[in-house]
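Within every chain, numbering begins at 1; the chains are lettered A, B, ... in the order of the sequence lines, protein sequences first and strands thereafter.
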There are 2 protein chains.
Amino acid sequence: MRQVVRAYLEQAGFRVIAVGDGPSALHAFRRERPDLIVLDLMLPGMDGFEICRTIRRESGVPIIILTARVEEEDRVVGLELGADDYITKPFSPRELVARVRAVLRRAQGEVTAPAVIRIGDLTIDLDRREVRVGDREVHLTPTEFELLATMARHPGRVFTRLQLLERVQGVAYEGYERTIDAHIKNLRQKIEPDPKNPQYVLTVYGVGYKLREAE
Amino acid sequence: MRQVVRAYLEQAGFRVIAVGDGPSALHAFRRERPDLIVLDLMLPGMDGFEICRTIRRESGVPIIILTARVEEEDRVVGLELGADDYITKPFSPRELVARVRAVLRRAQGEVTAPAVIRIGDLTIDLDRREVRVGDREVHLTPTEFELLATMARHPGRVFTRLQLLERVQGVAYEGYERTIDAHIKNLRQKIEPDPKNPQYVLTVYGVGYKLREAE
DNA sequence: CAAGACCTTCACCGGATCTTCAAAAGTCCC
DNA sequence: GGGACTTTTGAAGATCCGGTGAAGGTCTTG
């Protein structure tokens, strides 16, 4: 079994260290600091879950549990102990390799999404909540940022004041539509080179506002 | 089916948007920017793999494929298209929830790469759980360390109090969001040269906190 | 089992931000 | 060019938000 897994993973280009019991596994983990661990729960010498727990206490290394235990309970426990994936035997070696790749892909940095929108000189980073004009960072209030971000997710599309209000203060919007105007004004002061002649936040007369599209 | 999945995920504390066909899925994805997508391959109106591929072109959002197709070939293709996990029917809802958590855990934070993070004079060793300012070691409580470590895994990214709370006391968070403020205050006392003018742990007004990026 | 460490909650304060209004300026269409 | 309507703008008062210190509760550890 161990040899099959090793062979397939090496075939796929990975360097593999294989050991045959729990204590050896812990020891090898501490010595080698692998990029990923495939852990068979049925190792002699130590409860598999216990090994998983111990490793998790010491490190965030990706762990794929491989086992004959098919009980739902075991799967849930394994995943909640911090395993990244849980594969039951019999399994396809090709699938194992694909799962190893998927977990590594995610674990080695492929973080969720850049989430950066660029329009002309304007850069909007949704995760960081940062807005830059050229390379000058501008400070926006929460409402201003939310307004800009809302329009930036659909450049060119027109938003009515009501839509913007809802987005900005939640569905339970109530109150003066014109409040949006005030925020738009402040936003323009901050991001427009010439607030009198907006080139980013455009007015759609009689309807609302929209953000210019990237060219 | 959709309702079952929705019910379980909501029960687990997630906010769910459910749609019933391919084009709606793409549309909802673009509009809502979810943290994770559970994708049924058998949606009407569009090939499931095609949807997966399209989303992957636009974003690194975590995707879990859910399907009745049990062929090894399909699994491998799904995972290689960039899916993070592949679950076949019939599946246990509890397992689905556990897998959603596992993928999110990995995607949202726990990047394995660097165990030591340096930001200015601040050094955070995740494996050793040690923090130094300059070469003075500072003692942090478990909660303080967890807070700092969470933000340090994504310097610059903004975390809401709720996200931090969840991370610090597990998914079953409950209680006062502003508890976080107290920990932040204590953390600042320990690591900031001038706690009144933080240069590491920054407040994002109306949203939460973030850690300064390394320059 | 008791001391100490740690966590949670609360209420108050000052500052940041939001809302509202009315006047001024602009736009549209005949 | 003019009337009706819409948007812009500045300012002021109201509101919201984060920082803080203290008090009490809970968990850990010897």
Residue-phosphate contact under 4.0 Å: A:Y209 side-chain N/O, D:dT6 OP1/OP2:
no
Hey, which of these two, A:D181 or B:K196, hits DNA chain D nearer its 5' end, going by closest nucleotide?
A:D181
Can you find a side chain N or O atom of B:H183 that sits less than 4.0 Å from OP1 or OP2 on D:dG19?
no
Please classify the nucleic acid contact of A:V168 as base, sugar-phosphate, or nothing, using heavy-atom distances under 4.0 Å.
nothing
Looking at B:E137 and B:R132, is there a salt bridge between them, counting it only when a charged N and a carboxylate O are closer than 4.0 Å?
no
Any carboxylate oxygen within less than 4.0 angstrom of a Lys/Arg side-chain nitrogen, looking at A:K89 and A:D40?
yes
May I have the distance from B:L147 (atom CG) to C:dC6 (atom C1'), rounded to whole angstrom?
13 Å
Sidechain N-carboxylate O distance under 4.0 Å for B:R99, B:E95
yes
Sidechain N-carboxylate O distance under 4.0 Å for B:R161, B:D181:
yes
Rounded to whole Å, the CG-P distance (B:L164 to C:dT8) equals 13 Å
Among A:R56, A:R105, A:R106, which residue satisfies the salt bridge (Lys or Arg N to Asp or Glu O under 4.0 Å) criterion with A:D84?
A:R56
Separation of D:dT20 C1' from B:N186 CG (nearest whole Å):
10 Å
Residue A:T141, side-chain heavy atoms: nucleotide from C:dT9, C:dT17, D:dG21 that is nearest:
C:dT17
A:E177 CD to D:dC5 P: how many Å, rounded?
17 Å
Integer-rounded Å distance: D:dG21 C1' and B:R188 CZ:
16 Å
May I have the distance from B:L202 (atom CG) to D:dG19 (atom P), rounded to whole angstrom?
11 Å
base_contact_polar (D:dG19 base, B:R178 side chain, donor-acceptor, <3.5 Å):
yes
Check whether any side-chain nitrogen or oxygen of A:Q189 sits under 4.0 Å from OP1 or OP2 of D:dT8, and answer yes or no.
no
With the side chain of A:R161 defined as its heavy atoms from C-beta on, choose the nearest nucleotide among D:dT7, D:dG10, C:dC6.
D:dT7
Between atom NZ in B:K185 and atom C1' in C:dA11, what is the gap in whole Å?
13 Å
5'-most by nearest nucleotide on DNA chain D - A:T203 or B:A182:
A:T203
Determine whether A:T203 and A:R188 satisfy the following criterion, side chain to side chain donor-acceptor pair (under 3.5 Å), listing intermediate values before the conclusion.
CA-CA 11 Å; A:T203 303; A:R188 281 172 170 162; 2.8 Å; yes
Quick one: does A:Y205 reach the base of C:dT27 with a side-chain donor-acceptor pair under 3.5 Å?
yes
Quick one: A:E144 CD to C:dT19 P, roughly how many Å, whole number?
11 Å
Mapping B:P142 and A:L140 to their closest nucleotides on DNA chain C, which lands nearer the 5' end?
B:P142
Taking C:dT9, C:dT19, D:dG18 as options, the one with an atom nearest any side-chain atom of B:T179 is C:dT9
Given C:dC7, D:dG18, C:dT9, which nucleotide is nearest the side-chain atoms of B:Y176?
C:dT9
